[in-house]
Engineer: 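There's a structure below that I have some questions on.
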Amino acid sequence: MVDIGGAPNSGRIFVSLESMRASSPTHLKAPTALLTDDDDRLSWMRDHPSALNMFEEIVGMSKGKQIAMFLDYDGTLSPIVDDPEVAFMSEAMREAVRDVAQYFPTAIVSGRCKDKVFGFVQLAELYYAGSHGMDIQGPEASIGSKCTRGSKSVLFQPASEFLLMIDEVYKALVEKTKAIPGAKVENNSFRWVGLAEQVGSVLKGYPKLRVTQGRKVLEIRPSIKWDKGKALEFLLDSLGKLHICKPQGRRLNLKSNVRFDEFLLPLLLTGFADSEDVLPVYIGDDRTDEDAFKVLRERGQGFGILVSKIPKDTSASYSLREPLEVMEFLKRLVDWKRVSTKGRARV
């Protein structure tokens, strides 16, 4: 599958092959041995313990702080499937994410086109960073040099000048790969989904674009220093300035009596990036999520949770085995917050 850039207005392309093996994140040396050596697996689990088993430690770290949630989509909120067009999340997972967003600022950070991942999640109260963060949108209105008001306001598009180039490459790859069984070319505006040789031949004329590899996909992106880590930093800073374009009196969702002004605004008057009172939690399964894990580790702020059934080289602090465990973690987080909130109310 060739993935091109991101959302229709974002700037990426990618090409995927069913035969390509999942490649996220980079395995430790001798991965076969890791899978069969219980001692090595136990050692890895000591370094990256289950976030469910360490739940009390995690919520303990949040004492006096505001948790901010950042979630990958494929392999985290939905299972990895052969056909990316049917990577649907379950209704139970959607409900869990909806509940999390009632208590914590929540963003989806995906390699997919922003509009496509929104179509899967279908929760308007979230932030969406599509195309590995090259197309970022807030719940209602947001801030930044390209902020526009309205239900589909754009927060930031760092690679918007590449859109015409991305569209040219997309059309060329569609023509090049149409006779190759199993190859798909998807225009994600800031990234794409083709075959290595075909992609390479097309990109010779586009030195400002580069190819990276993800899960069963070759991705074509603009050659700018931007990734999920940069997107995470931008979101942490931007969440705190939301009041500049805040939607007056808009409710977060129909099930909640909590208004935007009463819930988010008091917490977001300063950028989260410079606040010691914020605990960012990033959950992802792909090697592209490692950029975000590294940012949190280097900042000493918050932590990453890797979703994987096998030991992998990672900068995440904790682990979960699969999306079902992610859902369980989110539910426990909501239950804990509800109980702690009721406790304070009684006092």
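Numbers here are sequence positions counted from 1.
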Engineer: Starting from the C-alpha separation in whole Å, work towards a yes-or-no answer on salt bridge (charged side-chain N to carboxylate O under 4.0 Å, His left out) for R98 and E95.
Structural biologist: CA-CA 5 Å; R98 180 185 290 113; E95 186 69 17; 2.5 Å; yes

Engineer: Report the C-alpha distance between I67 and V59 in whole Å, list the side-chain angles of each, state the deciding distance to 0.1 Å, and finish with yes or no for side-chain contact (heavy atoms from CB on, under 4.5 Å).
Structural biologist: CA-CA 9 Å; I67 294 175; V59 296; 5.7 Å; no

Engineer: Please say which of T76, I305, L306 ends up in a side-chain contact (heavy atoms from CB on, under 4.5 Å) with L320.
Structural biologist: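 The single option meeting the side-chain contact (heavy atoms from CB on, under 4.5 Å) with L320 is I305.
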
Engineer: Between E290 and K312, is there a side-chain N and carboxylate O pair less than 4.0 Å apart?
Structural biologist: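 No, E290 and K312 are not salt-bridged.
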
Engineer: Are Q66 and F104 side-chain neighbours, meaning at least one heavy-atom pair lies under 4.5 Å?
Structural biologist: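 The answer is yes; the side chains approach within 4.5 Å.
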
Engineer: Side-chain contact test, heavy atoms from C-beta onward, threshold under 4.5 Å: evaluate it for L333 versus M69 and give yes or no.
Structural biologist: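 Yes, close enough: below the 4.5 Å cut-off.
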
Engineer: Go through the steps to decide whether R332 and E325 satisfy the test salt bridge (charged side-chain N to carboxylate O under 4.0 Å, His left out), and finish with yes or no.
Structural biologist: CA-CA 10 Å; R332 289 181 63 177; E325 288 197 353; over 6 Å; no

Engineer: Should M93 and P323 count as side-chain neighbours, where that means a heavy-atom distance under 4.5 Å?
Structural biologist: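 Yes - at least one pair of side-chain heavy atoms lies under 4.5 Å apart.
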
Engineer: What pair of heavy atoms forms the shortest contact from G304 to A316, and how long is it?
Structural biologist: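 The pair with the smallest heavy-atom distance is O-CB, 3.5 Å.
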
Engineer: Please assess E233 against V295 for the test side-chain contact (heavy atoms from CB on, under 4.5 Å), listing each intermediate value before the final yes or no.
Structural biologist: CA-CA 8 Å; E233 290 182 308; V295 164; 3.6 Å; yes

Engineer: Please name the pair of heavy atoms, one in G302 and one in L279, separated by the smallest distance, quoted to 0.1 Å.
Structural biologist: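 Shortest heavy-atom separation between G302 and L279 comes out as CA-CD1, 3.6 Å.
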
Engineer: Do you know which two heavy atoms are closest between A101 and L126, and how far apart they sit?
Structural biologist: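 Reported closest heavy-atom pair: CB-CD2, 3.4 Å.
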
Engineer: Taking the side chain as everything from C-beta on, heavy atoms only, tell me whether T314 gets closer than 4.5 Å to H48.
Structural biologist: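 Yes, at least one pair of side-chain atoms sits under 4.5 Å.
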
Engineer: Checking D99 against Q102 for the side-chain contact (heavy atoms from CB on, under 4.5 Å) test, could you report, in this order, the C-alpha distance in whole Å, the side-chain angles of both residues, the deciding distance, and whether it holds?
Structural biologist: CA-CA 5 Å; D99 290 344; Q102 289 188 25; 3.9 Å; yes

Engineer: M45 and S50: which non-hydrogen atoms are nearest, and at how many Å?
Structural biologist: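 Residues M45 and S50, closest heavy atoms: CE-N, 3.8 Å.
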
Engineer: Flag the pair D289 and K228 as a salt bridge only when some basic side-chain nitrogen lies within less than 4.0 angstrom of an acidic carboxylate oxygen.
Structural biologist: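 The answer is yes: the pair qualifies as a salt bridge.
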
Engineer: Heavy atoms, side chains only, cut-off 4.5 Å: are R94 and L77 in contact?
Structural biologist: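 Of all side-chain heavy-atom pairs linking L77 with R94, none is under 4.5 Å.
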
Engineer: Quick one: sort the Y282 and F293 rings into parallel, tilted or perpendicular, breaks at 30° and 60°.
Structural biologist: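 Perpendicular: the ring planes of Y282 and F293 meet at over 60°.
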
Engineer: Taking all heavy atoms of K294 and all of S315, pick out the closest pair and write down the distance.
Structural biologist: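 Here K294 and S315 meet closest at CG-OG, 3.3 Å.
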
Engineer: To check you understand the geometry: which heavy-atom pair defines the closest contact between L236 and R299, and what is its length?
Structural biologist: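 Between these two residues, the closest heavy atoms are CD1-NH2, 4.2 Å.
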
Engineer: Do K114 and I108 have side chains that approach each other closer than 4.5 Å (heavy atoms only, starting at C-beta)?
Structural biologist: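 No; the side chains remain at least 4.5 Å from each other.
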
Engineer: Decide yes or no for V97 and M89: does some side-chain heavy atom of the first lie under 4.5 Å from some side-chain heavy atom of the second?
Structural biologist: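 V97 reaches M89 side chain to side chain.
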
Engineer: Can you tell if the side chain of V281 reaches within under 4.5 Å of the side chain of F70, non-hydrogen atoms only?
Structural biologist: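 Not touching, per the 4.5 Å side-chain cut-off.
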
Engineer: What ring pair (Phe, Tyr, Trp, His ring centres under 6.0 Å) pairs are there with at least one residue in residues 305-324, not counting sequence neighbours?
Structural biologist: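 Matches after skipping sequence neighbours: F303-Y318.
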
Engineer: Look at the aromatic rings of F329 and F55 and report parallel, tilted or perpendicular, splitting at 30° and 60°.
Structural biologist: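 Rings of F329 and F55: perpendicular, over 60°.
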
Engineer: Report the residue from D286, D74, D72 that forms a salt bridge (charged side-chain N to carboxylate O under 4.0 Å, His left out) with R112.
Structural biologist: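 Only match with R112 under salt bridge (charged side-chain N to carboxylate O under 4.0 Å, His left out): D74.
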
